[in-house]
Structure formats: structure tokens, C-alpha cells
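Below: the structure, in C-alpha cells.
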Amino acid sequence: GKKDGRGTYRFFESGMDEELRARALLERDLRKAITEGQIEPFYQPVVALPGRELIGFEVLARWLHPERGVLLPSEFISVAEETGMIGDLCYALLRRACRDAATWPPHLQLAVNISPQQFQDRWLAEQILAILDETGFPPNRLEVEITESALIHDLEATRATLTALQNLGVRIALDDFGTGYSSLYHLRELKFDKLKIDRSYVNTITMSDERAKLVDAIIKLGSSLGLVTTAEGIECSGSLDWLEGQGCDFGQGYLFGKPMSKMDADRYVQDGPPE
Ligand code: C2E
Ligand code: CA
Ligand code: CA
Ligand code: CA
């Protein structure tokens, strides 16, 4: 059959399934968005428990699409992962976040999400370091969040990368804890600094005793291993009070603030949460 460019083009125009076509356009737009800086860091507040004092922000990607408005990660992160663009996306985002955070008081931390795919890149730690050097952001203000699916691919490579980052002072958080399938194994095999309890647990604390017991056990497990814990997705003061009472260290969720633009985060840093 014909394999020249024109043949491919004709196929694309006429016969291609709508979904594939939309996907191809999305990939093309995403590539452009990354190089043109349309992917922006939004910031969700993280507070200390008790006291609710702001300790930093988690960086969450938002695509400010010129035609479609603000797109959430669920619309583009998996595409970036599948097409090998996630590294470029992540580094561009981290660079901007480090610059934004440079104007905040030095006790405020940044947490960034790293995709499982990125742990296949043996230069991950070097790349992150280069960005910290370039922006002057201190490694000890940065936390890297990884999910358990990052760990199942290549445990040795992951261990090497995590150790390289930790040796520089970057902290490592195990994200979405409780949703993977071999949590305890990974807790034994790798040294984390923090556990982030998935919001699917946090949301239901006040609804069911079993859930509450499970969350309590996770907090105790963390502290017995010398890890601090963050509860994600806190939406009501009932959950907050309970978590505080159980000794959970940090909290994050709509109760304290949704992910917000740099401008709103500046205001939050200055004046605290809006009334
Ligand atoms: P995640 O890392 O677990 O981030 C927390 C998600 O929960 C965010 O969704 C946040 O907006 C949402 N959330 C926080 N508090 C609450 C709450 O109280 N209630 C509810 N209902 N939701 C809450 P978002 O921003 O849509 O991000 C979704 C996921 O996309 C993230 O989950 C993370 O896995 C991924 N992601 C976001 N940004 C990046 C990035 O820069 N790189 C990578 N690799 N993944 C990213
Ligand atoms: Ca996260
Ligand atoms: Ca999470
Ligand atoms: Ca999640």
C-alpha cells in the first residue's frame, strides 16, 4: 500500500474515526500548550494540624486553553503520559512554580506530582536539581509526591531516584495512600517522609465507624514508621476535628481552599483564607 505522506493525509481527512481524530488534535495542541506555557501551576493550600496554619501548597496543573477555557488534569495528564510529554510538562510547571514561590515567605513549601512514567527516566533527579539551581529554590522546600503505581515498575530504579532526591534535601510523599495494592510492602522497602491519605477515606470518616478506624490505623502506622501524615480532601469541619484529635499532622481540602491561581495564592499567603 501507499506509505507516502499524501496517502496518510487522505486517510486522516476522510476515513479516520472521530475519536482518533480528536485525540490527534489534542496531542498536537498539548505539545504546543507545553512549549507556549499554557499549562499553569495552580496552588492548593496545605495547613498544619492543629492550628490550621498555612505551611505550603500542592502544585496542580491547569491548562488555560485558548478556546476551551480551564482544563483539569483528567483531560490531559494521561495523554501527556502516554505520548512521552509528561516530563516536559512537569519541568515547565516546576520551573514556573519555583519562580512563583520565590516571592513567598521561606517557610512555605511546594509539593509537586511526579508521574509513574517519569521514574523510567534515569535523569529525573538531575532534571529536578537543574531547575532548583536555575530558579534558586531551596531543595528543602520541595516535596515530590509519587503514587504507588510508580513503584511497581522498577523498584531498584525508583529507589535510586528517591535516594538521590532525598540526599539533596527534597522530601518524598507517598500519594493517594490506601488506593494501591501493596502499600505495606512499599512502606517497608522504601523510605518516605510523608503519607498522604487518599480523600476517598477522608470523605467518609464521619459516615462510618469502619472508615474512621481505618484512617486512625493509617495515621498510627505512619507515625510508628516515623512518617508524617496529610489528610487529603477535607471538606467539612467534622472530619477536620476528628483528624486533629487522632494526631494527623497536615490537612488539605476544599475546607481550606481549592486549587487557585498564583494571584489568589499570593493573596492567601498575605491575608489567609477568604472569609
Ligand atoms: P492528586 O495529586 O491526588 O491531587 C488532589 C486532587 O484532589 C486535585 O484534583 C484537587 O483539586 C482535588 N481535591 C483537593 N481537595 C479536594 C476536596 O476537598 N474535595 C474534592 N472533591 N477534591 C479535592 P485535580 O487538580 O483535578 O488533579 C487530579 C490529579 O491529577 C491529581 O490528583 C494528580 O494525580 C494529577 N495531577 C495534577 N497535576 C499534576 C501534575 O502536574 N503532574 C502529574 N503527574 N499529575 C498531576
Ligand atoms: Ca498529589
Ligand atoms: Ca492525592
Ligand atoms: Ca488522586
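When a ligand or atom number is given, it counts from 1 through the structure's own listing order.
Between W104 and F57, the angle of the ring planes lies from 30° to 60°, which puts this pair in the tilted group.
Protein N/O/S atoms closer than 3.0 Å to the Ca ion (ligand 2), listed by chain and residue number, are E58 OE2, N113 OD1, E145 OE1, D175 OD2.
The hydrophobic cluster containing L49 does not contain Y254, counting ILVMFWY residues as joined when their side-chain heavy atoms lie under 4.5 angstrom apart, directly or transitively. Residue L108 is grouped with residue L94 when hydrophobic side chains (ILVMFWY) are merged at heavy-atom distances under 4.5 angstrom, including chains of intermediate members. Taken together through direct or relayed side-chain contacts under 4.5 Å among Ile, Leu, Val, Met, Phe, Trp and Tyr, L30 and L64 form parts of separate hydrophobic clusters. Follow the hydrophobic side-chain contacts under 4.5 Å out from L93 and you never reach L60; the two are in separate clusters. Residues W63 and F42 do not share a hydrophobic cluster, defined by chaining ILVMFWY side chains whose heavy atoms lie under 4.5 Å apart.
Interface of G253 with ligand 1, defined as ligand atoms under 4.0 Å from a residue heavy atom, comprises 15 (N), 18 (O). Every atom of ligand 1 with a heavy atom of E232 under 4.0 Å away is listed here by number and element: 3 (O). When each atom of ligand 1 is checked for a heavy atom of D175 under 4.0 Å away, the hits are 2 (O). Contact atoms of ligand 1 toward E58: 2 (O), 4 (O) (distance under 4.0 Å to a heavy atom of the residue).
Apart from V228 itself, the hydrophobic cluster it occupies contains V46, I55, F250, where clustering links Ile, Leu, Val, Met, Phe, Trp and Tyr at side-chain heavy-atom distances under 4.5 Å.
For R62, every heavy-atom contact with ligand 1 shorter than 4.0 Å involves the side chain, none the backbone. Using a 4.0 Å cut-off between heavy atoms, V112 makes no contact with ligand 1 at all.
By the 3.5 Å distance cut-off applied to N or O atoms, Q44 is counted among the residues near ligand 1. In terms of N/O distances under 3.5 Å, ligand 1 is approached by S115. The shortest N/O to N/O separation between Y254 and ligand 1 falls below 3.5 Å. Checking only distances, A61 does come within under 3.5 Å of ligand 1, N or O to N or O. Ligand 1 has a nitrogen or oxygen under 3.5 angstrom from a nitrogen or oxygen of D176.
When the heavy atoms of L72, L60, L71 are ranked by distance to atom 5 (C) of ligand 1, first place goes to L60. Among L93, N113, V59, the residue whose heavy atom lies nearest to atom 41 (O) of ligand 1 is L93. The heavy atom nearest to atom 21 (N) of ligand 1, out of those in Q117, K258, E235, is found in E235. When the heavy atoms of A173, G233, A111, P73 are ranked by distance to atom 30 (O) of ligand 1, first place goes to P73.
Classification of E134 and R99 as a salt-bridged pair holds, one side-chain N sitting under 4.0 Å from a carboxylate O.
Under the 6.0 Å distance and 45° angle rule, R52 does not count as a cation-pi partner of F256.
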key: Residues D100, R96; criterion salt bridge (charged side-chain N to carboxylate O under 4.0 Å, His left out); working and verdict   = CA-CA 6 Å; D100 286 352; R96 286 182 71 160; 5.8 Å; no
request  = Carefully, step by step, assess Q38 and K32 under the rule side-chain hydrogen bond (donor to acceptor under 3.5 Å, both in side chains).
outcome  = CA-CA 8 Å; Q38 292 170 21; K32 190 160 162 263; over 6 Å; no
task = Decide salt bridge (charged side-chain N to carboxylate O under 4.0 Å, His left out) for D17 and R21; before the verdict, give the C-alpha distance in whole Å, the side-chain angles of both, and the deciding distance to 0.1 Å.
result = CA-CA 6 Å; D17 169 67; R21 193 189 148 85; over 6 Å; no
inquiry  = Is there a salt bridge (charged side-chain N to carboxylate O under 4.0 Å, His left out) between E18 and R23? Walk through the geometry before answering.
reply    = CA-CA 9 Å; E18 272 308 304; R23 167 69 186 229; over 6 Å; no
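Checked by atom type, the side-chain pair Y43/D264 shows no donor-acceptor distance below 3.5 Å.
In this structure, P259 counts as a contact residue of ligand 1, since one of its heavy atoms falls inside 4.0 Å of the ligand.
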